[in-house]
Amino acid sequence: MKVRTRVAPSPTGDPHVGTAYVALINYCFAKHHGGEFLLRIEDTDQVRSTRESESAILDSLHWLGLSWDEGPDIGGPHGPYRQSERSEIYRRYVQQLLDDGHAFKCFCTPARLEEMRVAQRASGQASRYDGLCLTYAPDEIARREAAGEPFVVRMKVPDDGVCAVQDERRGTIEIEWKSVDMQVLMKSDGLPTYHLANVVDDHLMEITHVMRGEEWVSSAPKHVLLYRYFGWEMPKLIHLPLLRNPDKSKLSKRKNPTGILFYQAMGYLPGALLNFLGLLANSVGEGHDEMMSLAQMVERFALEHIPLGGPVFDVAKLDWLNGRYLREGLDREAFIANVQAWAFAPERLARIAELAQPRIERMSDLGSLVAFFFAGRLPITAELLRGGKLDDLAMRQAFQLALWELDALREWKVAGIEIVLKQIADALGKKFRDVARPFYVAITGSPTSVPLYDSMELLGRDVVRERLRGALDVLGAPSKREQDEWKALGAQRAEAS
RNA sequence: GGCCCUAUCGUCUAGAGGCCUAGGACGCCGCCCUCUCACGGCGGUAACGCGGGUUCGACUCCCGCUGGGGCUACCA
């Protein structure tokens with residue numbers, strides 16, 4: 001049987017290096033065995049999923065040099081490849097489970113469920129649906145449904161015994177059924193949850209090997225059970241380690257740049273980033289050069305060399321590799337072409353020109369005026385930040401608030417950025433003019449520069465986040481306690497507006 | 001709190017009972033090259049978390065502890 005793997009990102013934010021990591025492993029494994037690799041979009045979360053995010057993810061993976069045999073952009077024989085377009089399929093399978101008595105309708109309110117969980121936790125129990133709606137007679141269920149009560153569909157889960165999950169890399173993982181929750185399979189909006197959609201799609205798309213993040217280990221029994229209920233053959237399971245921050249916690253943008261777009265903006269070469277992820281995905285044997293192409297990674301790929309412990313994303317090593325790509329991997333022409341594409345892409349250059357042209361008297365003024373567009377972290381000093389009217393506390397609060405609110409921004413555009421910064425001034429009870437100054441310093445490196453919002457938009461969310469974090473570090477990163485207090489500032493603002 | 005995963009230099013890792021006085025890569029330090037810097041070359045620093053077993057022998061197998069991580073949603 002032909003090996004078929006997939007990567008199934010959820011389009012709920014900026015493209016993440018973790019997605020690329022999982023995609024790379026799935027790609028290498030499939031291609032190493034002469035199989036197929038496909039991409040599926042898991043956008044069943046209507047609230048958080050966006051089309052912008054989806055295309056950003058696809059673009060990023062393409063930029064890295066990854067390609068797929070089937071996917072939402074290119075189609076294929078098992079489509080559609082976007083879960084939001086497969087609702088009818090899931091509805092049918094949910095109905096089948098209902099008919100077979102493997103699932104049931106649940107009318108419990110969020111409040112009741114919350115109360116139940118609090119009680120369970122207090123008594124040292126695993127959090128698990130207590131089965132109330134399982135006790136209703138058919139006519140009771142029909143009555144509630146007819147009355148228009150919202151409901152979800154949950155899967156039935158055995159009360160006793162253990163579920164043996166077979167992981168091709170980790171061996172057998174045993175989890176007691178009583179610690180497995182009666183998972184919601186279909187939300188009250190009629191859309192499936194991950195668990196149902198994932199199992200149905202993997203089966204229909206003939207996936208043979210599911211290689212996914214370690215965070216899914218604990219819900220694997222639910223998937224095993226669903227395959228059993230449907231009478232389908234289980235694909236092989238391989239749980240991949242999670243990439244980590246230097247402090248070993250799960251890689252997060254709060255602590256580290258996690259966006260593929262960030263590495264793009266910083267001038268890393270796609271091959272270098274992909275190569276680096278490959279180093280974390282599959283150890284290179286001694287005597288082999290660590291610098292390798294995708295084809296070489298495919299060639300050398302071995303399941304048993306996937307690490308089990310979560311590797312720290314070590315930017316220093318990425319930097320070294322990228323340096324080699326820059327000086328060994330490119331001839332003079334290619335180097336120039338890359339620099340041109342990175343720094344002087346036509347639209348970007350046009351925007352920068354628009355900002356700079358009115359503000360210069362000699363073309364030689366250009367360098368210092370717009371240099372910050374072509375830099376990573378800026379060498380900001382506390383003295384420079386302190387030149388305005390805000391004291392350290394106010395500046396730190398402003399930066400921290402900005403970090404939070406800017407992350408929550410759906411669209412990274414001038415308009416949204418402006419609103420966020422103005423609201424921060426309000427929340428702090430300061431004049432916007434005074435609040436703006438430290439932002440100019442943090443973002444552009446100078447209190448006087450080209451317009452701030454445009455600069456921020458052009459720089460991109462990830463680079464802005466890094467610079468704000470850098471400025472905050474210079475003044476002193478807020479303590480846990482300060483952060484808790486400051487969160488209220490943001491909340492008050494939200495209520496007021 | 002409950003359940004699960006995991007554990008070799010600061011970091012990524014090799015190691016599948018004797019080949020280990022534990023190897024490689026990044027980082028760091030030193031030397032060389034050199035108009036500076038970088039590159040490059042050479043050398044150095046640095047690890048088997050702890051305690052019990054099993055065995056003639058354990059970094060390698062088993063158990064416990066500890067550390068780290070994940071999950072615990074009508075998010076994925």
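Letters A, B, ... are given to chains in the order of the sequence lines, protein chains preceding strands, and every chain is numbered from 1. Heavy-atom basis, side chains included; hydrogens, waters and symmetry copies ignored.
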Apply ring-ring contact (aromatic ring centres under 6.0 Å, His included) to the pair W216(A) and Y194(A), showing each step before the final yes or no. CA-CA 11 Å; W216(A) 296 109; Y194(A) 167 87; 3.8 Å; yes

Quick one, H223(A) with R228(A), criterion side-chain hydrogen bond (donor to acceptor under 3.5 Å, both in side chains). Give me CA distance, side-chain angles, the key distance, then yes/no. CA-CA 9 Å; H223(A) 309 147; R228(A) 207 176 285 170; over 6 Å; no

Start with the C-alpha gap between D73(A) and H62(A), add the side-chain angles, then the distance that decides, and say whether side-chain hydrogen bond (donor to acceptor under 3.5 Å, both in side chains) holds. CA-CA 11 Å; D73(A) 51 341; H62(A) 276 312; 3.3 Å; yes

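Looking at E140(A) and R144(A), a side-chain N of the basic residue comes within less than 4.0 Å of a carboxylate O on the acidic one, giving a salt bridge.
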Close N/O contacts between protein and nucleotides 39-50 of chain B (under 3.5 Å):
| unit_1 | atom_1 | unit_2 | atom_2 | d |
| --- | --- | --- | --- | --- |
| rC39(B) | O3' | R327(A) | NH1 | 3.3 |

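Per the geometry, CD belonging to E290(A) stands 16 Å off P belonging to rU11(B), to the nearest Å. What separates CG of N245(A) from C1' of rC12(B) is a distance of 16 Å, to the nearest Å. Straight-line distance from the CG atom of L243(A) to the P atom of rU6(B): 18 Å, rounded to whole Å. One atom, NE2 of H305(A), and another, P of rU13(B), lie 12 Å apart when rounded to the nearest Å. One can place CZ of F276(A) at 14 Å from P of rU11(B), the figure rounded to the nearest angstrom. Taking atom CG of L308(A) as the reference point, atom C1' of rC5(B) lies 8 Å away to the nearest angstrom. Following rounding to the nearest Å, W177(A) (CH2) and rC4(B) (P) show an atom-to-atom distance of 14 Å. Between L318(A) atom CG and rG27(B) atom C1' there is a gap of 14 Å when expressed in whole angstrom units.
Side-chain contact of K255(A) with S249(A): a donor-acceptor pair under 3.5 Å is present, judged by distance alone. Of the N and O atoms on the side chains of R212(A) and H239(A), at least one donor lies less than 3.5 Å from an acceptor on the other residue. Y263(A) and N322(A) share no side-chain donor-acceptor pair at under 3.5 Å. With hydrogens and angles left out, the side-chain atoms of Q83(A) and D201(A) include a donor and acceptor closer than 3.5 Å. Counted by atom type alone, E70(A) and Y81(A) present one or more donor-acceptor pairs between their side chains at under 3.5 Å. With hydrogens and angles left out, the side-chain atoms of T172(A) and Q166(A) include a donor and acceptor closer than 3.5 Å.
The V217(A) side chain lies nearest to rC4(B) when the options are rU11(B), rU13(B), rC4(B).
Pairing for rC3(B) goes to rG70(B), judged as Watson-Crick or G-U wobble with the two contacts each under 3.5 Å. Checking rC35(B) for Watson-Crick or G-U wobble geometry (two distances, each under 3.5 Å) identifies no partner in any strand. Pairing partner, rC28(B): rG44(B), with both Watson-Crick or wobble hydrogen-bond distances short of 3.5 Å. Here rC20(B) sits opposite no nucleotide as a Watson-Crick or G-U wobble pair (both hydrogen-bonding atom distances under 3.5 Å). A 3.5 Å limit on both hydrogen-bonding distances identifies rC50(B) as the Watson-Crick or G-U partner of rG64(B).
Counting non-hydrogen atoms under 4.0 angstrom, P307(A) reaches the backbone sugars and phosphates but no base.
One C1' atom belongs to rC74(B), the other to rG68(B), and the distance between them is 32 Å to the nearest Å. Rounded to whole Å, the C1' atom of rC59(B) lies 14 Å from the corresponding atom of rU21(B).
Counting all heavy atoms, side chain and backbone alike, T44(A) lies closest to P192(A) at CB-O, 3.4 Å.
Residue-to-nucleotide proximity on RNA chain B shows that, of Q125(A) and G310(A), the 5′-proximal contact is made by Q125(A). Nearest-nucleotide assignment on RNA chain B puts the 5′-proximal partner with I175(A), out of I175(A) and V312(A).
Non-hydrogen atoms lying under 4.0 Å from RNA chain B are contributed by R170(A), I173(A), E174(A), all within residues 161-174 of chain A.
Using bins of under 30°, 30° to 60° and over 60° for the plane-to-plane angle, the ring pair H203(A)/W232(A) lands in the parallel bin.
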List the protein contact pattern of nucleotides 60-76 of chain B with one symbol per nucleotide (5' to 3'): B for base contact, S for sugar-phosphate-only contact, - for none; contact means a heavy-atom distance under 4.0 Å. --------SSSSSSBBB

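For F374(A), the CZ atom counts as densely surrounded, since its 6.0 Å shell holds more than 12 non-hydrogen atoms of other residues, nucleotides or ligands.
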